[in-house]
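This chain uses plain numbering: 1 for the first residue, then up along the sequence. All values reported here derive from a predicted model rather than from experimental measurement.
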Amino acid sequence: MSTNGKRLFIARHGETVFNSVARMQGQQAVHTPLTRTGFLQADAMGRALAPWFEGQPVPTLWSSTAGRALQTLAIVAEHVGADWHQTRADDRLQEIDVGDWSERTYADIHAEIGPFVDPDVGLFTVRPPNGEWYDEIAHRLSDWLAEATAKPGDAIVLMHGISARVLRGVLLGLPVDPMFGAPIAPSLPQGSMVMIRDGKEEIVTLGEGALERA
């Protein structure tokens, strides 16, 4: 997908207290704070990003409205001289809605309903009760992309593990996965950031954290 020549730097928020114990956040648990590891991940992403903006205009800042994404972006933005107060916080960048699973641990849900995560791709194989599915994420992100790519200049986009995989899939023009109903990019460790421009992806930094959990 064309980004009109602009660079989109896409990252997931740093580790939170929920991530550290494999507890689901989704859209309901919106203000789960970063752990010390999460702060270190955010700082590492910012340091890796800084050289990409030497001598370049300050990027537009986009973020999910969740506190964990905004908190991560505040640290990243310092490294590129961007004003966090100018962040465009947007609900369309939120994580998958896990509905009734919110604030429950993966272990508890597994004990109740059996395996519900595909071990090869790390995605739900069961729709969260009262939650959403991957095609719905793709729809809201495509709506956001139409607005974001119309604006001039590069952008930093701070969001979430699963929703970022869908966004990357859309931007890279990947085929729709028949099991999940949306194009989904491969998983990256927490603390990773990518740059996508006009359908091509480059790694800015590859983190050492766990793979995505909602």
Side-chain angles (χ1 to χ4, degrees), residues 1-13 41-42 44-65 69-70 72-73 76-77 79-84 86-96 121-123 133-207 211-212:
M1 177 179 178
S2 172
T3 61
N4 295 328
K6 69 186 296 177
R7 301 180 299 176
L8 299 181
F9 293 85
I10 301 168
R12 178 195 184 192
H13 60 80
Q41 290 168 341
M45 286 191 288
R47 288 197 310 272
L49 182 63
W52 292 72
F53 284 97
E54 289 179 359
Q56 300 291 320
V58 174
T60 300
L61 303 180
W62 286 93
S63 176
S64 158
T65 49
L70 289 162
T72 303
L73 182 58
V76 171
H79 287 272
V80 298
D83 182 0
W84 178 86
Q86 300 299 314
T87 299
R88 301 170 185 267
D90 198 305
D91 282 334
R92 291 171 293 182
L93 296 172
Q94 275 274 24
E95 181 57 296
I96 185 172
V121 297
L123 297 174
W133 200 239
Y134 304 96
D135 57 337
E136 296 169 273
I137 301 173
H139 178 75
R140 59 177 161 90
L141 288 175
S142 294
D143 182 60
W144 170 81
L145 271 171
E147 177 183 342
T149 56
K151 299 180 184 299
D154 298 331
I156 299 172
V157 186
L158 231 301
M159 45 193 309
H160 305 268
I162 292 175
S163 58
R165 291 180 64 181
V166 176
L167 177 60
R168 289 169 53 223
V170 171
L171 286 167
L172 296 174
L174 300 182
V176 171
D177 188 304
M179 179 179 293
F180 304 111
I184 300 174
S187 180
L188 294 174
Q190 197 158 34
S192 300
M193 178 180 284
V194 302
M195 185 282 288
I196 297 180
R197 175 166 51 188
D198 295 333
K200 296 183 179 180
E201 180 177 78
E202 293 183 49
I203 300 293
V204 176
T205 185
L206 196 61
L211 297 180
E212 287 90 341

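Remark: Thr3 OG1 to Leu8 CG distance equals 5.5 Å, nearest 0.5 Å. Rounding to the nearest 0.5 Å gives a distance of 10.0 Å between CH2 of Trp84 and CG of Leu61. Between the CG atom of Leu171 and the CD1 atom of Ile196 there is a distance of 4.5 Å, given to the nearest 0.5 Å. Taken from OG1 in Thr205 to CD in Gln41, the straight-line distance is 10.5 Å, to the nearest 0.5 Å. Here the NZ-OG1 distance, from Lys6 to Thr60, works out to 5.5 Å after rounding to the nearest 0.5 Å. Taken from CD1 in Ile162 to CZ in Arg12, the straight-line distance is 8.5 Å, to the nearest 0.5 Å.
At least one donor-acceptor pair closer than 3.5 Å links the side chain of Arg168 to the backbone N or O of Pro186. With hydrogens and angles disregarded, a donor-acceptor distance shorter than 3.5 Å links the side chain of Asp198 to the backbone of Gly5. Between the side chain of Asp154 and the backbone N or O of Arg7, at least one donor-acceptor pair lies under 3.5 Å. No donor-acceptor pair under 3.5 Å is formed between the side chain of Ser63 and the backbone N or O of Ala89.
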Side chain to side chain contact (heavy atoms under 4.5 Å, CB included) between Leu123 and Arg165, intermediate numbers included: CA-CA 10 Å; Leu123 297 174; Arg165 291 180 64 181; 3.6 Å; yes
Side chain to side chain contact (heavy atoms under 4.5 Å, CB included) between Thr149 and Ser2, worked out: CA-CA 8 Å; Thr149 56; Ser2 172; over 6 Å; no
Stepwise side chain to side chain contact (heavy atoms under 4.5 Å, CB included) test for Thr87 and Leu73: CA-CA 9 Å; Thr87 299; Leu73 182 58; 3.6 Å; yes
Intermediate values then yes/no, side chain to side chain contact (heavy atoms under 4.5 Å, CB included), Val80 and Val76: CA-CA 7 Å; Val80 298; Val76 171; 5.7 Å; no
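For Ala148, the side-chain contact (heavy atoms from CB on, under 4.5 Å) partners two or more places apart in sequence, or in a different chain, are Trp62, Trp144. By the ring-ring contact (aromatic ring centres under 6.0 Å, His included) test, Phe9 pairs with Trp52, Phe53, sequence neighbours left out.
In this structure the side chain of Leu206 reaches within 4.5 angstrom of the side chain of Pro189, judged on heavy atoms.
In this structure, a donor-acceptor pair under 3.5 Å is absent between the side chains of Ser163 and Gln94.
Checked for salt-bridge contact, Arg92 and Asp90 meet the test: a charged N lies under 4.0 Å from a carboxylate O.
Between His160 and His13, the two ring planes are perpendicular [angle over 60°; tilted spans 30° to 60°].
In His79, the NE2 atom is crowded: over 12 heavy atoms of neighbouring residues, nucleotides or ligands sit closer than 6.0 Å.
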